[in-house]
Amino acid sequence: MKKLIFSICVLSFMLTGFNQEERFVEQSNTEIFGRISAVGQKPKIEQKLMNLELNEGGIAVFLARFTPIDDPNLKAEWYHNEKTLPISDDRIKSYLKEGYATLVINKVKPADAGIYRVKICNAFGEDVSEAKLTVTK
């Protein structure tokens, strides 16, 4: 009789232990997949670029807000009239920080007028926004 009670207790403990282990594994998998989906998502531009109209010599600031903000693999690519924008120019600076992509053009010239596009991209996809810059003399 004692062996039977002991066997039932051991069996009960084993079943309960396995159920708890399954719940732990299930919870761990849910947490891991939650983290992966937060990092592994396509960028989305939440605040689009706005059209600008400036006098020659002014400062143009294009700003786009995007998500996710914590993906270290995000890149911002800037274009002017369908051509890649050379950011090496001292007048033109690009910033990518904390969910914002910013393009600053100092001392705008008539040649700077046109369509500006930002493409935010990572391994999961991309999103694009465009705006027009008008420069008056």
Side-chain angles (χ1 to χ4, degrees):
M1 181 71 166
K2 288 182 182 180
K3 286 185 179 180
L4 180 62
I5 293 173
F6 178 75
S7 296
I8 291 171
C9 288
V10 168
L11 182 60
S12 174
F13 174 74
M14 288 176 59
L15 291 174
T16 305
F18 286 133
N19 285 341
Q20 288 176 352
E21 188 175 307
E22 283 177 17
R23 278 186 234 137
F24 175 75
V25 169
E26 214 173 276
Q27 182 180 2
S28 296
N29 286 343
T30 302
E31 288 174 8
I32 289 169
F33 289 128
R35 287 187 200 129
I36 289 171
S37 65
V39 172
Q41 62 181 304
K42 176 183 170 187
K44 180 173 180 358
I45 297 176
E46 304 288 343
Q47 178 183 335
K48 304 284 186 181
L49 299 178
M50 295 176 58
N51 293 334
L52 298 175
E53 189 171 333
L54 299 170
N55 290 327
E56 187 174 0
I59 299 172
V61 179
F62 290 102
L63 177 76
R65 185 174 54 82
F66 61 85
T67 56
I69 64 171
D70 56 353
D71 185 344
N73 299 313
L74 277 169
K75 294 188 312 183
E77 298 173 4
W78 289 94
Y79 300 88
H80 176 232
N81 295 331
E82 303 293 328
K83 295 179 184 171
T84 302
L85 191 62
I87 306 296
S88 60
D89 189 336
D90 286 341
R91 284 186 326 112
I92 302 172
K93 301 286 182 196
S94 171
Y95 305 94
L96 184 66
K97 188 174 181 182
E98 298 176 4
Y100 289 91
T102 309
L103 179 71
V104 179
I105 306 170
N106 289 304
K107 300 179 184 172
V108 294
K109 308 172 186 176
D112 294 324
I115 303 297
Y116 285 82
R117 178 188 305 146
V118 63
K119 179 168 68 171
I120 308 293
C121 51
N122 66 10
F124 300 95
E126 62 186 45
D127 199 5
V128 175
S129 179
E130 291 184 346
K132 181 178 181 181
L133 172 62
T134 305
V135 179
T136 55
K137 291 185 179 186

Is there any side-chain hydrogen bond (donor to acceptor under 3.5 Å, both in side chains) pair reaching into residues 94-111, and which pairs are they, with sequence neighbours excluded?
-> W78-S94
Without placing hydrogens or testing angles, list every side-chain donor-acceptor pair under 3.5 Å for residues 47-59, not counting sequence neighbours.
residue : atom : partner : partner atom : Å
N51     : OD1  : K132    : N            : 2.6
N55     : OD1  : T136    : OG1          : 2.9

Closest heavy-atom pair and its distance - I69, G99 | CG2-CA, 3.2 Å
Give the minimum heavy-atom separation between P68 and P43, together with the two atoms involved.
-> CD-CA, 4.0 Å
L96 side, atom CG; F66 side, atom CZ - distance, nearest 0.5 Å = 4.5 Å
Nearest 0.5 Å, what's the CD-CG distance between Q41 and D71?
-> 8.5 Å
Answer yes or no: is there a side-chain heavy-atom contact under 4.5 Å between I87 and L103?
-> yes
Which value, rounded to the nearest 0.5 Å, describes the distance between D127 atom CG and I120 atom CD1?
-> 8.0 Å
Say you draw a straight line from CZ of R65 to NZ of K44; how long is it, rounded to the nearest 0.5 Å?
-> 9.5 Å
Roughly how far, to the nearest 0.5 Å, is CD1 of I105 from CG of L85?
-> 6.5 Å
Hydrophobic cluster identity match, I92 and V108, side-chain contacts under 4.5 Å = yes
According to a 4.5 Å side-chain heavy-atom criterion applied to Ile, Leu, Val, Met, Phe, Trp and Tyr, with indirect links allowed, do I45 and F62 form part of one hydrophobic cluster?
-> yes
Just grab all the salt bridge (Lys or Arg N to Asp or Glu O under 4.0 Å) pairs involving residues 79-88, residues at least two apart or on different chains.
-> E82-R117
